[in-house]
Novice: 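Quick one: the structure is below, questions incoming.
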Amino acid sequence: MKKYNISKKIALLSIGLSISFSSCKDFLAEKPSSQFSADFVYNTPDGLEAGVVGLYNLQRAFFDDGDNNGSNSLIIDAKDDLTVPRGGEISNYGLMKQGIAAESSSVHSFWWNNYYKIIDRANAIIQAAEKLNNIDENRRKQILGEARFFRANAVFTLFKTFNNIYVTTEPTTFDNAFKTINNKTPETEIYKLVKDDLKYAIDNLSWTAKETGRVTQATARHVKAEVALWEKDWPEAKAQAEAVIDQTANYSLVASAGQVFAGDLNNKESLWTLQYKESIDGNKNKLNFNLMPNYAELIPGSKYSIEQGGRGFGWLTVNNYLRDLLLKDPNDARIKGTYYIKDYFYNDPATLPAGKVLGSKIVHDQWQEFAASGSDRHLFFVRLTVGCKKYFPTTGVPTADAQTMNRMMYRLAETFLFAAEANMILGNIGNTNDAATAKTALGQINAVRKRAGAAPLSAVTLQDILDEQARELAFEGRRWYMLKRTGKLYDYVKEHAGYGRPGDESSDTNQSTGHANTPADPYPYRNDARRVIKPYMVNWVIPRAQLNLLGPDYPQNDGYTK
């Protein structure tokens, strides 16, 4: 029997397509409320618009998938240099116990399948929209602009992640579903498709959307700036990023770090936010549960609260490298309960132990970062380590392990850092007092720093930009890609992954040997990735399930056993 691409199999199972939508004046409605035939979807303007809504639904489903304790979409963060993969399903990838061989990469299959599904659905919508008669041209361009953005974004994500990918612009049919795929698509062709699709979206989408949650010209320009950075086309990256930054009437950094992830996230900093409405659109997710420690469960005087990030279990938390980057400036608000939370406080008078004071910082007698006992140190990382609270809604239920919260896909702070990097390389450095709109590297990186309360820089290097990107965008699925793009991924994971002294590759099972157990020389903890990573792992292994559906000659990424 001929083998065929996993994207083909997924799409083949969806030929009898049912996509639906519910109308809403102001917000994009993504949850199906009625069903339509494939003939309706691909042969009528209303059906095509329903198909586009289905693309948003597919993208959102990627993040609210409940498998592996809701951690699948966070695997990209577990693999970078900023986190402690303490336990749970997500830690197997962060510790590189899984995801380094074709046979043990089921979450890689999840990524591959989801983004290929988006590509194939977008292909079908694009082909149908281009051929459809009796449709208003502006309506056709809007449909095509959104669909082509989704295709570009999905192709680019797969390419950045897996490298050896196959791309077609033909939708799956019964006639082509069993075509044998024996080779990857050349990199030049991938870039051409992505850039052509993004250019079409830029040319045909408005700067703002009529319905909150839809992609816009700004979204497409942001991604096109990132594509340019991957290609080292610094003038293009600068032009695209600054075109968005210049839209000050529509987009701007919110005033304080505490406002970025507050409310519904539909603020002026958002370039694209997926909409979740409880019991209407999407499912609750357990992202916060994975990223926040469980500070209240066994500590009398403490209870879960909105201010302290709700209930978590600390499967993946902030490591000492990121924490120390954030603490370099004592006024940086990002680690003071806005993006990340370092200190937890007694807040439950009903269980407050004698001698403890409400509002005072919790300092456990045994569970401490530099405790002599390995089990006590482990419980510190379960209960009292630094957590990321970007995914806890300000209206959430603190005691719940699953939450409903909008997901910000792209935001302007990253656009500023894209522009700063391009300007730094082009020599447009500027000075400390430059405004955010000055089109200089210092003006742009300092806009992000000043909003966080940190002191402005007077000089800028790539290291400064990497450090600021870590502080600002950790746990948003962006760090791994930036390190890979800049050629730093292998070195930074080897130097900083997990917890420990920079470059220390000794195992935490030998924590009492050769370490002072101090901030300068801590015992290592969950730093396995430092010892396991190899240079070729900057590309994810293509999983066995996908290879079995491709042709026998399809190339596995270099370094891995096929």
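This is a predicted model, so every value here is computed, not measured.
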Novice: Answer yes or no: is there an ion pair linking R479 with D80, defined by an N-O contact shorter than 4.0 Å?
Specialist: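 Looking at D80 together with R479, the answer is no, because their closest N to O distance does not fall below 4.0 Å.
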
Novice: For Y251, does the six-membered ring have the charged nitrogen or CZ of K268 within the cation-pi criterion, i.e. under 6.0 angstrom from the centroid and within 45° of the normal?
Specialist: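 Verdict for Y251: no cation-pi partner in K268.
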
Novice: Between Q444 and N423, do the side chains contain an N or O donor and an N or O acceptor separated by less than 3.5 Å?
Specialist: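 The answer is yes; a qualifying pair exists.
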
Novice: Between atom CG of L287 and atom NZ of K390, what is the distance when rounded to the nearest 0.5 Å?
Specialist: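 Interatomic distance, L287 CG to K390 NZ, rounded to 0.5 Å: 12.5 Å.
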
Novice: Between R449 and E472, is there a side-chain N and carboxylate O pair less than 4.0 Å apart?
Specialist: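 No salt bridge links R449 with E472.
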
Novice: So that I can tick it off, tell me whether E189 and K192 are bridged by a salt bridge, with the cut-off set at under 4.0 angstrom between side-chain N and carboxylate O.
Specialist: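 Judged by the 4.0 Å cut-off on N to carboxylate O distance, K192 and E189 do not form a salt bridge.
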
Novice: Please name the pair of heavy atoms, one in A129 and one in L144, separated by the smallest distance, quoted to 0.1 Å.
Specialist: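 Where A129 meets L144 most closely, the heavy atoms are CB-CD2, 3.7 Å.
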
Novice: Check whether more than 12 heavy atoms from other residues, nucleotides or ligands sit under 6.0 Å from atom NZ of K484, and answer yes or no.
Specialist: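 Yes - once you tally the heavy atoms of other residues, nucleotides and ligands closer than 6.0 Å, there are more than 12.
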
Novice: For P171, is there any backbone N or O sitting under 3.5 Å from a side-chain donor or acceptor partner on N176?
Specialist: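 Checking the backbone N and O of P171 against the side chain of N176, a donor-acceptor pair under 3.5 Å is found.
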
Novice: Indicate yes or no: does D401 engage K286 in a salt bridge with an N to O separation below 4.0 Å.
Specialist: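 A salt bridge is present here (some side-chain N lies under 4.0 Å from a carboxylate O).
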
Novice: With no hydrogens and no angle check, do the side chains of Q98 and N92 hold a donor and an acceptor under 3.5 Å apart?
Specialist: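 Looking only at side-chain atoms, N92 and Q98 do form a donor-acceptor pair, the distance falling under 3.5 Å.
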
Novice: Can you find a side-chain donor-acceptor pair between H222 and Q240 that sits under 3.5 Å?
Specialist: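 No.
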
Novice: Donor-acceptor pair, Y116 side chain versus L158 backbone, under 3.5 Å?
Specialist: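 No, Y116 side chain to L158 backbone: no donor-acceptor pair under 3.5 Å.
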
Novice: Please answer whether the main-chain N or O of A228 pairs with a side-chain N or O of W234 as donor and acceptor at a distance below 3.5 Å.
Specialist: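 Here the side-chain-to-backbone pair does not exist.
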
Novice: Decide whether T219 and T216 meet the rule of one side-chain donor and one side-chain acceptor closer than 3.5 Å.
Specialist: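 Yes.
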
Novice: Determine, for Y166 and K184, whether the Lys NZ or Arg CZ falls below 6.0 Å from the six-membered ring centre while staying within 45 degrees of the axis.
Specialist: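 No, K184 does not lie over the aromatic ring of Y166.
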
Novice: Decide, yes or no, whether a salt bridge links R221 with E226 under the criterion of side-chain N to carboxylate O below 4.0 Å.
Specialist: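 Salt bridge: no.
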
Novice: Establish, from distance only, whether the side-chain atoms of T440 and D434 form a donor-acceptor pair under 3.5 Å.
Specialist: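 Present: a donor and an acceptor within the cut-off.
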
Novice: Taking the cut-offs as 6.0 angstrom to the six-membered ring centre and 45 degrees off its axis, would you call R60 and Y276 a cation-pi pair?
Specialist: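 Pair R60/Y276 counts as cation-pi.
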
Novice: Could you label the plane-to-plane angle of the F156 and Y191 rings as parallel, tilted or perpendicular, counting under 30° as parallel and over 60° as perpendicular?
Specialist: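 Tilted: the ring planes of F156 and Y191 meet at 30° to 60°.
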
Novice: Between D46 and R139, does any NZ, NE, NH1 or NH2 come within less than 4.0 Å of an OD or OE carboxylate oxygen?
Specialist: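 Yes, this pair counts.
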
Novice: Is a donor from one side chain sitting under 3.5 angstrom from an acceptor on the other, for Q259 and E269?
Specialist: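 No - no donor-acceptor pair under 3.5 Å links their side chains.
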
Novice: Nearest heavy-atom pair of T212 and Q275: which atoms, and what distance?
Specialist: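 Where T212 meets Q275 most closely, the heavy atoms are O-CG, 3.8 Å.
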
Novice: List in chain and number order the residues that pass side-chain hydrogen bond (donor to acceptor under 3.5 Å, both in side chains) with D246, two or more places apart in sequence or in another chain; answer none if no residue qualifies.
Specialist: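 With neighbours one apart ignored, the set is K439.
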
Novice: Under 4.0 Å between a side-chain nitrogen and a carboxylate oxygen: does that hold for R151 and E170?
Specialist: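 Looking at E170 together with R151, the answer is no, because their closest N to O distance does not fall below 4.0 Å.
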
Novice: Donor-acceptor pair, distance only, cut-off 3.5 Å: does the side chain of D65 make one with the backbone of D67?
Specialist: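 Present.
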
Novice: Spell out, as yes or no, whether a donor-acceptor pair under 3.5 Å connects the side chain of S252 to the backbone of T248.
Specialist: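 It does not hold such a pair.
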
Novice: Minimum heavy-atom separation for L265 and V260, please, with both atom names.
Specialist: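 Closest approach of L265 to V260, heavy atoms only: CG-O, 4.0 Å.
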
Novice: I'd like to know if D136 and R140 make a salt bridge, using a cut-off of under 4.0 Å between side-chain N and carboxylate O.
Specialist: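 Here D136 does not pair with R140 in a salt bridge, since their nearest N and O are not under 4.0 Å apart.
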
Novice: Aromatic rings W272 and Y410: how do their planes relate, parallel, tilted or perpendicular, breaks at 30° and 60°?
Specialist: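 W272 vs Y410 ring planes: tilted.
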
Novice: Quick one: list whatever passes side-chain hydrogen bond (donor to acceptor under 3.5 Å, both in side chains) with S270, sequence neighbours left out.
Specialist: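 Per chain and number, S270 pairs via side-chain hydrogen bond (donor to acceptor under 3.5 Å, both in side chains) with T273.
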
Novice: Whether R411 and E414 form a salt bridge (side-chain N of Lys/Arg under 4.0 Å from carboxylate O of Asp/Glu) is what I want to check.
Specialist: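 R411 and E414: not salt-bridged.
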
Novice: Donor-acceptor check, side chain of N43 to backbone of L132, threshold 3.5 angstrom: yes or no?
Specialist: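 A pair under 3.5 Å: no.
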
Novice: Could you give me the CA-CA distance, side-chain angles and deciding distance for Y56 and E146, then say whether side chain to side chain donor-acceptor pair (under 3.5 Å) is met?
Specialist: CA-CA 10 Å; Y56 289 91; E146 291 181 78; 2.5 Å; yes

Novice: Donor-acceptor pair, S71 side chain versus L74 backbone, under 3.5 Å?
Specialist: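 No, S71 side chain to L74 backbone: no donor-acceptor pair under 3.5 Å.
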
Novice: Is the NZ or CZ atom of K79 positioned over W540's six-membered ring, under 6.0 angstrom from the centre and within 45° of the axis?
Specialist: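 Checked: cation-pi criterion met.
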
